[in-house]
Amino acid sequence: MRGLFNTLERSLGKMAKYEVMEFNDTFTRNRISSIIKPFLGSVKAGRGIVDYMVICDESNNTPDVISRNELIVDRRNVHLKVL
């Protein structure tokens, strides 16, 4: 399970590095979400995770976050139980 988590973190980090220095606007938030969701969907299809949720909108990118030139992408995974 730890290996899967590390692989997800590395892969998502590689995807996000292309969004560095971009404006934190609706276009950028939608673009990063549209990159991450299919990737997590393929992990789900391969039974690596049960479900996931990607949040990258005005709820976690408040005007304060935007003024600090940051972009927040929240990801929630539901992992398979390993016996």
Side-chain angles (χ1 to χ4, degrees):
M1 191 55 62
R2 190 64 171 145
L4 172 64
F5 180 75
N6 289 337
T7 300
L8 287 175
E9 289 296 317
R10 278 193 306 272
S11 298
L12 293 172
K14 288 177 185 177
M15 292 174 198
K17 78 178 184 179
Y18 296 106
E19 303 305 319
V20 174
M21 303 303 294
E22 294 292 332
F23 292 109
N24 184 346
D25 57 7
T26 304
F27 177 78
T28 302
R29 290 190 296 266
N30 288 339
R31 185 173 59 202
I32 190 70
S33 292
S34 70
I35 293 169
I36 292 173
K37 287 178 181 180
F39 171 72
L40 292 176
S42 68
V43 174
K44 180 181 176 182
R47 300 186 333 163
I49 55 178
V50 175
D51 205 2
Y52 65 91
M53 180 174 30
V54 176
I55 303 168
C56 185
D57 56 18
E58 294 81 18
S59 67
N60 58 348
N61 286 283
T62 61
D64 185 47
V65 171
I66 294 170
S67 70
R68 292 192 312 258
N69 296 320
E70 297 175 356
L71 174 70
I72 296 176
V73 179
D74 289 324
R75 170 188 46 92
R76 308 270 194 281
N77 293 335
V78 179
H79 298 284
L80 290 174
K81 291 183 180 179
V82 179
L83 301 176

Exercise for the section: Assess whether side chain to side chain contact (heavy atoms under 4.5 Å, CB included) is satisfied between Arg75 and Leu12, documenting all intermediate values. Expected result: CA-CA 10 Å; Arg75 170 188 46 92; Leu12 293 172; 3.1 Å; yes
If the condition is side-chain hydrogen bond (donor to acceptor under 3.5 Å, both in side chains), which residues does [X] pass it with, not counting sequence neighbours?
{"X": "Arg76", "answer": "none"}
{"X": "Ser33", "answer": "none"}
{"X": "Asn69", "answer": "none"}
{"X": "Asn24", "answer": "Arg29, Asn61"}

Problem - Test side chain to side chain contact (heavy atoms under 4.5 Å, CB included) applied to Ile55 and Val73, step by step - result: CA-CA 6 Å; Ile55 303 168; Val73 179; over 6 Å; no
Whichever hydrophobic residues join [X] through chains of side-chain contacts under 4.5 Å:
{"X": "Ile66", "value": "none"}
{"X": "Phe23", "value": "none"}
{"X": "Met21", "value": "Val20"}

Exercise for the section: Say whether Ile72 and Tyr52 are linked into one hydrophobic cluster, either directly or through other cluster members, by side-chain heavy-atom distances under 4.5 angstrom. Expected result: no
Practice task
Kindly work out whether a path of hydrophobic side-chain contacts (I/L/V/M/F/W/Y, heavy atoms less than 4.5 Å apart) joins Met15 to Ile49.
Solution key: yes
Enumerate donor-acceptor pairs with a distance under 3.5 Å from any side-chain N or O in residues 34-43 to protein atoms, sequence neighbours excluded.
residue, atom, partner, partner atom, Å
Ser34, OG, Asn30, O, 3.3
Ser34, OG, Arg31, O, 2.8
Ser42, OG, Phe39, O, 2.6

Practice task
Run the salt-bridge test on Lys14 and Glu9 with the 4.0 Å N-O cut-off and return the result as yes or no.
Solution key: no
Problem - Interatomic spacing from CG in Asn60 to CG in Asp74 - rounded to 0.5 Å - result: 4.5 Å
Practice task
Compare every heavy atom of Leu71 with every heavy atom of Cys56, then report the nearest pair and how far apart it is.
Solution key: SG-CD1, 4.0 Å
Practice task
Tell me, please, which residues at least two apart from Arg68 pass salt bridge (charged side-chain N to carboxylate O under 4.0 Å, His left out).
Solution key: Asp64, Glu70
